[in-house]
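In what follows, every heavy atom counts, from backbone to side chain, and hydrogens, waters and symmetry copies are set aside. Letters A, B, ... are given to chains in the order of the sequence lines, protein chains preceding strands, and every chain is numbered from 1. None of the values given here were measured: they were computed from a predicted structure.
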Amino acid sequence: MRWSDTLIPTLRDAPQEAEIPSHKLMLRAGLMRRLAGGLYTFLPLGLRALRKLEAIVREEMDRAGALEVLMPAAQPRELWDRSGRYAVMGELMYHVTDRQKREMVLGPTHEEVITDLASREISSYRQLPKTFYQIQTKFRDEIRPRFGLMRAREFIMKDAYSFDTAWDAADRSYQAMYDAYARIFARCGLRTRVVEADTGAMGGKWSHEFMVPSEFGEDGIVECEACGYAANLERAERAAPAFDRPGGGGAPPPEEVATPGRSTIEDVSQFLGCAPERLIKTIIYVVDGKTVAVCCAGDREVNESKLRRALEASVVEMADEAAIRRVTGARVGFAGPWGLSIPVYADLGLDGAADYAAGANRDDAHLRHVVLDRDARIAARHDLCVARGGDPCPRCSGALRERRGIEVGHVFKLGTKYSDSFGATFLDEAGAARPLVMGCYGIGVTRTLQAVVEQCRDDKGIIWPLSVAPYRVALLVLNPGDGGAGEAAGRLAADLEARGIDVLLDDRDERAGVKFNDADLLGLPLRVVVSARGLAAGKIEIKPRAGKEVAQAPLEGAADRIAAMCGE
RNA sequence: CGGGGCGUAGCGCAGUCCGGUAGCGCACCAGCUUUGGGAGCUGGUCGUCGUGGGUUCAAAUCCCACCGCCCCGACCA
């Protein structure tokens, strides 16, 4: 392809809309353009990279035995009512009404559609196991689209769904997808980290996320360097800290202190001259309709997913102001764990807590010298806080390290949540109807493309891996009119294309510097320069984008040499 | 939805405080020179100054409302 025949609108400056390096580079390199918030047009160069990535995903899905299908983006609302997710996902979905006034949604994911299909088409254990996948545009009305393709409102996703006769068989399907994912990301040139994850609105028993470590990732993760434990902060466990604190025995009795208007941890901490971690934070939650109190150290955040799991509940929300006043008898900010008629759950970070300060359950007052076990009745202790760097590892004696990651893939063991709501059953060998055991597996394809750029770049531009590069070779002609350079480059390009090597021939009437800089920006893996100067000596030059050294090579046989470097 | 910032040519920006009828760099078009890391000179094109309303002899500039974008938060496979 000749540069002058395609459209690659490179930009010297990054548009203001872009914040993170990959987003800026994708705009500057002419891969895509923004239409509106979270909506992007892929330009020819960006689309080529996307298609290559999709091809890798397809190959590995097929190799893993998954069957490609294509489901509609528009789905009847009733499907979502049946799974009960209309209420959970309602706000996240785009709603459309057709001329018959039927309510439709644009699919943010396809568990409902595939389970409906399976319930109709799968009836015997003889048909199992089956895994279906599709590569398709998803729609999510994100509250805040961000960072280009990282969190877009319309994006391409590879989603897959497995159906098995039983849990152990489902585990094998899960493992097959897990392994396929590892191969896919490796082939894309990505270093990924697998972490244990929360299942969120998807439901299900267990899940793993494939994370690309990046300071611009939207997810926090912790990992233990000693044993390899790694988890999303939404799920990450932590062991009880080793305490080095005065025991409760000798502590003086609680003492009430007036703390007028000091309702935040920060205010109280300053006012009492007491570190935030020596305060007990008491938060009132409504868990499946029941009001409970949750205590943790003042410098910690309650992890609502952990709370939900610990109490085996399905809905956790913070109590409103009226409920807090009713339960504690005080305004927000003065709650404490004593004298409450509701169950009090304590985070394990408070084990052995002695000589703490906490709200007095009375307006404008706190208590000092609190010993939790002595002064409050605790219903149960659980790990209820968001983990963070430095916390003890839940699996070994190591310490957790915190970092950020971009979620590019997520695999879930779903179980029978959807097959139950859709009556998706099969007959086993004994002729008994049993629910299909499901798994679901997603790869954010467009997000993965940006993650590649995020991970493969330098200060001059992108450094595409061969596997997903829009073209494998950038062929630069300097001064095409001189010494037959233009003709020689044209012949070399044709020669490479005949061998199946995709080449971008920069035939523009631009100065060398412009071409070199654009080549660095575009980041095609191999840069080949044809110039009159080189040709006079019968030479061209070859330089990998990732390297520094420029190799001179004879024009004779150059195509062979380049093809070999492209892995052909 | 709350807090903050921004909106002036394709991109990056100045001008706004203090009202006087729009500018700079890059890009783009033409010509000449130049030609291995974002060339030089000359000439030229491109603007409902986000939108609507108001104040004023006069509004990019002041006032009101709205819209869009970005960041932080809440939220979110």
Testing the basics here: between A:Leu478 and A:Ala485, what is the closest heavy-atom pair and its distance to 0.1 Å?
O-CB, 4.0 Å
Please state whether the rings of A:Phe210 and A:Phe185 are parallel, tilted or perpendicular, taking 30° and 60° as the class boundaries.
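Plane angle between 30° and 60°, so tilted.
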Parallel, tilted or perpendicular: which fits the ring planes of A:Tyr174 and A:His208, with parallel below 30° and perpendicular above 60°?
tilted
Counting primed atoms plus P, OP1 and OP2 as sugar-phosphate and everything else as base, spell out the protein contacts along nucleotides 26-36 of chain B at 4.0 Å heavy-atom distance: B, S or - for each nucleotide, 5' to 3'.
SS------BBB
What string of B, S and - do you get for nucleotides 67-72 of chain B, 5' to 3', if B is base contact, S is sugar-phosphate-only contact and - is no contact with any protein heavy atom under 4.0 Å?
--SSBB
Is it true that A:Glu111 and A:Arg85 have a side-chain N and a carboxylate O under 4.0 angstrom from each other?
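So A:Glu111 pairs with A:Arg85 through a salt bridge.
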Taking a pair as Watson-Crick or G-U wobble with both distances under 3.5 Å, which nucleotide is matched to [N]?
{"N": "B:G52", "answer": "B:C64"}
{"N": "B:A39", "answer": "B:U33"}
{"N": "B:C76", "answer": "none"}
{"N": "B:A58", "answer": "none"}
{"N": "B:G19", "answer": "none"}
{"N": "B:C28", "answer": "B:G44"}

Expected list for residues 149-157 of chain A: side-chain donor-acceptor pairs under 3.5 angstrom, two or more places apart:
unit_1, atom_1, unit_2, atom_2, d
A:Arg151, NE, A:Glu218, OE1, 3.3
A:Arg151, NE, A:Glu218, OE2, 2.9
A:Arg151, NH1, A:Glu142, OE1, 3.1
A:Arg151, NH1, A:Glu142, OE2, 3.2
A:Arg153, NE, A:Gly37, O, 2.9
A:Arg153, NH2, A:Gly37, O, 3.1

Considering every strand and a 4.0 Å limit on heavy-atom distances, what is the contact class for [X]: base, sugar-phosphate, or nothing?
{"X": "A:Glu407", "result": "sugar-phosphate"}
{"X": "A:Lys24", "result": "nothing"}
{"X": "A:Ala14", "result": "sugar-phosphate"}

In whole angstroms, how far is the [atom2] atom of [N] from the [atom1] atom of [X]?
{"X": "A:Asp506", "N": "B:G37", "atom1": "CG", "atom2": "C1'", "answer": "13 Å"}
{"X": "A:Arg235", "N": "B:C76", "atom1": "CZ", "atom2": "C1'", "answer": "18 Å"}
{"X": "A:Glu317", "N": "B:C76", "atom1": "CD", "atom2": "P", "answer": "11 Å"}
{"X": "A:Leu43", "N": "B:G10", "atom1": "CG", "atom2": "C1'", "answer": "13 Å"}

Residues two or more places apart in sequence or in another chain: which of them pass ring pair (Phe, Tyr, Trp, His ring centres under 6.0 Å) with A:His110?
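Expected list: none.
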Looking at the base of B:G38, is there any donor atom on it, or on the side chain of A:Arg28, that sits under 3.5 Å from an acceptor on the other one?
yes
Kindly state each residue pair satisfying salt bridge (Lys or Arg N to Asp or Glu O under 4.0 Å) with at least one member in residues 19-39 of chain A, sequence neighbours excluded.
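Salt bridge (Lys or Arg N to Asp or Glu O under 4.0 Å) check on residues 19-39 of chain A returns A:Glu17-A:Arg34.
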Quick one: are A:Arg325 and A:Arg331 in side-chain contact, heavy atoms under 4.5 Å?
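Side chain of A:Arg325 against side chain of A:Arg331, heavy atoms only: contact under 4.5 Å found.
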Considering only the P atoms, how many Å lie between B:G43 and B:C62, rounded to the nearest integer?
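Going atom to atom, P in each nucleotide, I get 35 Å.
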Residues two or more places apart in sequence or in another chain: which of them pass side chain to side chain donor-acceptor pair (under 3.5 Å) with A:His410?
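Counting only residues at least two positions away or on another chain, A:His410 forms a side chain to side chain donor-acceptor pair (under 3.5 Å) with A:Ser207, A:Glu407.
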Name the one of A:Arg388, A:Lys306, A:Lys281 that satisfies salt bridge (Lys or Arg N to Asp or Glu O under 4.0 Å) with A:Glu301?
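Passing option: A:Lys281.
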